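Report on the structure given below.
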Amino acid sequence: MSIAEPGRRTPLFGEFDVVVLGGGPAGIAAAASAARHRASVLLVERYGFLGGMGTAAGVTNFCGLHANVHGEIRQVVHGVADELLERMRALDGLAEPHLIFGKIHAQAYDMSAFKCAADAMLVSAGVQILFHGLGAGVRLGEDGRVDCLFVETKSGRMAIRARAFIDCSGDADLAHWAGVALEKGDDQGHLLYPTLMFRVGNVDAQAAGEAWRSIPRLMDEAEASGDFRFPRRGAIVRPQKHAYEWRVNVTQLRNPDGSATDGTDARSLSAAELEGRRQVVDYLRFLRARVPGFSEAYALDIAPQVGIRETRRLVGEYMLSAEDVVSCASFEDSIGVNGWPLEKHVAGDVKWEWPPIPESRGYNQLPYRMIVPRAGDGDPSNLLVAGRCASMTHEGQSAARVSGACFVMGQAAGTAAAMALASGGAVRSVSTTDLLSNLTRDGAFLG
């Protein structure tokens, strides 16, 4: 059943060279890069702050900035990411990298520092930002190009025109409205399971020690006793920048039939928020009862939204695969690298698959073609798609969806969009030789 709405004329918010939808790591890097290549840029973000899943979903941890290169862990994502990290460090909001599974580094941060550093970086680059703007649709021109993006705001519905658009929405919203080819889940439609993140405060760091090592055993004992039941194995409970504050990644959210919550389904997403907070209460009860150092801990905060790992993904000119990740694949049109392994959030567990360590260089290159829609699929020649919704297979996306790879794709997308506009051509016609030269000049590591 549907209800007809009366026709209306939508006010024009503005006209820009480049519009970026979504202010996560990919969107931040895309907007900053396009602006620094002399494009007028508007970034549209649904919340009142930047950071994407890193802030709105409470991730508080950069993954994929580093790789295990022949047994030596190195930072391999540079360029725009370096500037953001330096700004966060200056705010005393960035922890030193910590070891995961004895194989790779991740880097914890303070969410407030991420928000403020991202604001300052984009403002300094000349990016205009529209907060509290929810993308709602597009209009295509007669030539198939995206003509404008419609957004819902507190000022009402607005239209935003641009010469080029970059979809960093995470859910491929803009690409979906533009009619390009997309996939969702694996060949049976199974998605990676989402998580509602939370942080606990008032942890006795000395008593807790390296609690992340003992927590899996304590969870097994608690389940065996019948006192607790957990939605998944593979708990990730680690200290933050301040040792009395720990991040907890342990919930797993599903529909009544057991399938993963769908972040593009309003009913599924709403139910997940309720279930996630129920799981938070249960897990905090376990921490206080069974884990040394946590007896007086409390829920410092629960993320503003469920952390979505996978929904729609672009079917682009190349789809990054699981084999590309574990074989450390190379590409002639490399825009940067991904050092994170396959991290598959399956029903009740997290499955990891790594490149050979220390035999391999530990990272795969990311091709420009994975952010470019396929020719012929509606062919919006002024659209790029970066971030977790770029062109990857279901398993390939389990690795390259993390923040490190998103910074890489975003920086390349912003640079390429500005280059396409300067030459008057389509985004798929950008000279990859010139693009890679520009990225290298801007500090990116291409592998």
Side-chain angles (χ1 to χ4, degrees), residues 12-56 59-60 62 65 77-94 109-135 149 151 153-155 158 160-170 174 304 384 386-387 403-404 406-419 421-422 438-439 441-444:
L12 181 66
F13 178 84
E15 298 184 80
F16 303 86
D17 291 331
V18 178
V19 165
V20 179
L21 179 62
I28 292 167
S33 299
R36 287 181 174 156
H37 282 270
R38 297 176 295 282
S40 63
V41 180
L42 177 72
L43 185 150
V44 179
E45 166 55 44
R46 64 178 298 183
Y47 288 109
F49 51 85
L50 301 171
M53 294 294 100
T55 51
V59 173
T60 63
F62 289 129
L65 294 176
V77 173
H78 293 284
V80 170
D82 283 330
E83 180 183 347
L84 182 68
L85 294 175
E86 190 52 43
R87 287 178 179 272
M88 293 173 68
R89 194 173 285 113
L91 295 171
D92 195 28
L94 188 65
Y109 56 80
D110 178 74
M111 275 193 295
S112 298
F114 189 1
K115 292 175 182 178
C116 295
D119 285 350
M121 187 173 77
L122 292 194
V123 169
S124 73
V127 175
Q128 296 184 55
I129 305 172
L130 176 61
F131 286 124
H132 304 291
L134 180 64
L149 169 70
V151 294
T153 78
K154 293 301 288 185
S155 301
M158 301 280 192
I160 303 169
R161 272 200 162 130
R163 298 165 62 201
F165 292 83
I166 306 175
D167 186 346
C168 300
S169 66
L174 206 159
L384 291 167
S403 48
C406 289
F407 282 124
V408 167
M409 289 183 270
Q411 181 165 356
T415 305
M419 290 174 61
L421 297 181
N438 279 329
L439 290 171
R441 192 176 303 116
D442 293 339

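Fair warning: this is a prediction, and the values are worked out from it, not measured in the lab.
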Atom of A113, atom of G93 and distance for their closest heavy-atom approach: CB-CA, 3.6 Å
CG-CZ distance between L84 and F114, expressed to the nearest 0.5 angstrom: 5.5 Å
Nearest heavy-atom pair of A417 and A164: which atoms, and what distance? CB-CB, 4.3 Å
If you compare all heavy atoms of A118 against all heavy atoms of I28, which two are closest, and at what distance to 0.1 Å? CB-CD1, 3.8 Å
Of all heavy-atom pairs linking G133 and V44, the shortest is O-CG1, 3.4 Å
Would a line drawn from the ring center of F165 to the ring center of F16 be shorter than 6.0 Å? no
Tell me yes or no: between the side chains of T415 and R441, is some donor less than 3.5 Å from an acceptor? no
Taking the six-membered ring for Trp, are Y109 and F62 ring centroids under 6.0 Å apart? yes
If you define the side chain from C-beta out and look only at heavy atoms, does anything of S124 sit under 4.5 Å from R87? yes
Under a 4.5 Å cut-off applied to non-hydrogen side-chain atoms, are D119 and L50 in contact? yes
Go through the steps to decide whether L439 and Q411 satisfy the test side chain to side chain contact (heavy atoms under 4.5 Å, CB included), and finish with yes or no. CA-CA 8 Å; L439 290 171; Q411 181 165 356; 3.9 Å; yes
Apply side chain to side chain contact (heavy atoms under 4.5 Å, CB included) to the pair L21 and I166, showing each step before the final yes or no. CA-CA 6 Å; L21 179 62; I166 306 175; over 6 Å; no
Write down the atom of A418, the atom of A34, and the distance for their closest heavy-atom approach. CB-O, 4.0 Å
Validation row: D167, L384 side chains within 4.5 angstrom (heavy atoms): no
Looking at side-chain heavy atoms only, is the closest gap between V18 and L421 below 4.5 Å? yes
Apply side chain to side chain contact (heavy atoms under 4.5 Å, CB included) to residues E86 and R89 and explain how you reach the verdict. CA-CA 5 Å; E86 190 52 43; R89 194 173 285 113; 3.0 Å; yes
With the side chain counted from C-beta on, respond yes when L65 and L85 share a heavy-atom pair under 4.5 Å apart, and no when they do not. yes
Answer whether the closest heavy-atom distance between the side chains of M121 and V80 falls below 4.5 Å. yes
For A413 and A386, which heavy atoms make the closest approach, and how far apart are they? CB-CB, 4.1 Å
Can you find a heavy atom in the side chain of D442 that is under 4.5 Å from one in the side chain of R36? no
Could you tell me whether a side-chain N or O of T55 sits under 3.5 Å from a main-chain N or O of M111, the two making a donor and an acceptor? no
Could you check whether any side-chain N or O of S33 sits under 3.5 Å from a backbone N or O of A30, counting only pairs where one atom can act as donor and the other as acceptor? no
What distance do L130 atom CG and M158 atom CE have between them, rounded to the nearest 0.5 Å? 8.5 Å
Contact check, side chains of I160 and L42, non-hydrogen atoms, under 4.5 Å: yes
Does any N or O in the side chain of E45 come within less than 3.5 Å of the main-chain N or O of G22, such that one atom is a donor and the other an acceptor? no
Taken to the nearest 0.5 Å, the spacing of I129 CD1 from F49 CZ works out to 13.0 Å
Derivation of the side chain to side chain contact (heavy atoms under 4.5 Å, CB included) call for S169 and L174: CA-CA 7 Å; S169 66; L174 206 159; 5.7 Å; no
Does either side chain, that of R163 or that of S40, offer a donor lying less than 3.5 Å from an acceptor on the other one? no
